[in-house]
Visitor: 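The following block contains the structure, expressed as structure tokens.
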Amino acid sequence: MKEALNIDWANLSFGYIPTDYNVRCYYKNGEWGEIETTSSELIPMHMAATCLHYGQEAFEGMKAFRGKDGKVRVFRMDENAKRIAQSAEGIMMPAIPQEKFEEMVKMVVRLNERFIPPYESGASLYIRPLQVGITAQVGVKPAKEYLFVIFVSPVGPYFKGGFTKTTPYVITRKYDRAAPLGTGTFKVGGNYAASLRASCEAHAAGYSAEFYLDAKEKKYMDECGAANFFGIKNNTYITPLSSSILPSITNKSLIQLAEDLGLKVERRPVPEEELATLEEAGACGTAAVISPIERIDDPEKNCSYVISKDGKPGPVCTKLYNTLRGIQLGELEDVHNWNTIVIE
Ligand SMILES: *Cc1c(COP(=O)(O)O)cnc(C)c1O
């Protein structure tokens with residue numbers, strides 16, 4: 001008998017909570033093996049593994065939601081499967097086949113069903129797939145063996161008081177997250193190591209996150225923290241086109257929903273000065289869906305772009321947010337077939 005859970009779902013943070021099982025698959029002798037299930041939270045690893053020295057690591061982040069109808073849905077997992085395959089190939093790791101990825105996601109969610117927060121709580125089950133090179137070697141070259149793991153952890157609602165507040169962001173000119181032809185388009189741990197200093201400094205100064213400019217010219221808006229950026233003006237959804245941003249699945253979904261709502265969509269370089277003309281703006285990603293932006297400061301240029309005059313999310317951000325959440329929770333019709341129902 002497992003001990004009963006005593007979790008305050010609505011007040012969970014974005015932390016790690018142990019669950020019953022995780023699932024794993026090893027790549028050896030040029031092929032992926034059988035899926036394994038374990039209760040161990042540890043990975044036995046050689047100290048000379050390539051992931052530890054040369055950063056051969058890629059990951060994903062997705063969520064499972066308990067719907068209004070009691071069913072459990074995972075949002076767009078085919079997109080996460082494709083993206084981790086691209087991230088892996090970007091740093092010379094073998095791609096996990098899409099079918100294997102999806103099978104493992106379903107398994108790990110079902111095995112940990114008792115950790116899926118109830119619908120009313122606003123919380124969800126965060127799903128974290130990751131892949132690491134584990135071959136012991138000292139020379140700089142790709143590993144021969146890899147481990148692919150998926151674990152889950154219940155996480156609280158991002159907006160505890162509801163979707164009502166906007167927050168400030170700060171442009172960093174001292175740091176770049178990724179080079180124009182670097183690894184910015186891949187979801188790899190190395191990009192996060194490169195962003196930690198800027199992120200900590202932004203938080204210490206009271207901002208939600210740091211905002212990167214394009215690394216080459218420092219003229220165009222790139223990404224904010226670990227989220228994509230979009231702005232709204234003249235009935236148009238505008239999001240940066242850049243060779244160093246991570247292709248967000250939330251952004252891709254919001255683009256589709258914006259089109260469905262009759263907005264025009266523009267993907268193009270967004271010069272910093274254009275911030276002054278935006279009616280609304282948001283940071284988007286799996287964690288928050290949309291984090292509405294109050295203002296963006298550029299301390300080194302001594303200027304501030306105030307986007308939300310009243311400190312509240314604008315009507316377009318609110319509509320987009322409610323539509324995406326509604327689809328994820330089974331409250332609205334899933335017209336684009338984005339959900340996989342994992343538990344009926
Ligand atoms: C994961 C991530 C995002 C958001 O992607 P989603 O698929 O929407 O969760 C944005 N930027 C970076 C750098 C990321 O790592």
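Start at 1 and go down the list; that is how both ligands and their atoms are numbered. In this chain, numbering begins with 1 at the start of the sequence shown.
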Visitor: With a cut-off of 4.0 Å, which atoms of ligand 1 are near a heavy atom of R83?
Guide: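 In order of numbering, the contacting atoms are 5 (O), 6 (P), 7 (O).
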Visitor: Can you confirm whether the side chains of R24 and T38 place a donor and an acceptor under 3.5 Å from each other?
Guide: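 Distance-only check fails for R24 and T38.
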Visitor: Quick one about Y192 and E57 (side-chain donor to acceptor, distance below 3.5 Å, no hydrogens or angles considered), yes or no?
Guide: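 Short answer, no.
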Visitor: Quick test: of every protein heavy atom, which one is nearest to atom 9 (O) of ligand 1, and how far off is it to 0.1 Å?
Guide: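 The protein heavy atom lying closest is T286 OG1, 2.6 Å.
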Visitor: Ignoring hydrogens and angles, state whether a donor on the side chain of Y119 or E331 is under 3.5 Å from an acceptor on the partner side chain.
Guide: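 Result is yes, a qualifying pair exists.
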Visitor: If you count the atoms of ligand 1 from 1 in the order shown, which ones are under 4.0 Å from a heavy atom of G285?
Guide: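 In order of number, 4 (C), 8 (O), 9 (O).
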Visitor: Could you tell me the residue and atom name of the protein heavy atom closest to atom 11 (N) of ligand 1, and the distance to it rounded to 0.1 Å?
Guide: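 Checked against all protein heavy atoms, atom 11 (N) of ligand 1 sits closest to E223 OE1, 2.5 Å.
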Visitor: For atom 3 (C) of ligand 1, which protein heavy atom lies nearest, and how many Å away is it?
Guide: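 Closest protein heavy atom to atom 3 (C) of ligand 1: A226 O, 3.4 Å.
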Visitor: Report the part of T250 (side chain from C-beta onward, or backbone N, CA, C, O) that has a heavy atom under 4.0 Å from ligand 1; answer both or neither where that applies.
Guide: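 For T250, backbone and side-chain atoms both sit under 4.0 Å from ligand 1.
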Visitor: Under 4.0 Å from ligand 1, counting heavy atoms only, is it the side chain of A227, its backbone, both or neither?
Guide: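 Looking at A227 and ligand 1, just backbone atoms fall under 4.0 Å.
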Visitor: Measuring from atom 15 (O) of ligand 1, which candidate in Y192, Y212, F229 has the nearest non-hydrogen atom?
Guide: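 Answer by nearest heavy atom: Y192.
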Visitor: For Y26 and E36, test the side chains for any donor-to-acceptor distance below 3.5 angstrom and give the result as yes or no.
Guide: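 No, E36 and Y26 have no side-chain donor paired with an acceptor closer than 3.5 Å.
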Visitor: Is it the case that D310 and S308 place a side-chain donor and acceptor less than 3.5 Å from each other?
Guide: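 Yes, S308 and D310 have a side-chain donor paired with an acceptor closer than 3.5 Å.
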Visitor: Is there a polar contact, in the sense of an N or O pair closer than 3.5 Å, between I249 and ligand 1?
Guide: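 There is such a contact, yes.
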Visitor: Hey, are E201 and Y175 close enough side-chain-wise for a donor-acceptor pair under 3.5 Å?
Guide: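 Yes - a donor-acceptor pair under 3.5 Å links their side chains.
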Visitor: Evaluating non-hydrogen atoms only, which member of M62, K187, R177 is closest to atom 13 (C) of ligand 1?
Guide: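 Nearest option to atom 13 (C) of ligand 1, by heavy atoms: R177.
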Visitor: Are any of the heavy atoms in G61 under 4.0 Å away from ligand 1?
Guide: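 G61 does not count as a contact of ligand 1 under the 4.0 Å cut-off.
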Visitor: Within the 3.5 Å criterion, strictly below it, is a donor on D222 or S244 matched to an acceptor on the partner's side chain?
Guide: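 Present: a donor and an acceptor within the cut-off.
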Visitor: Does a side-chain heavy-atom distance below 4.5 Å link T19 with P154?
Guide: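 The answer is yes, as the side chains (C-beta and beyond) meet within the 4.5 Å cut-off.
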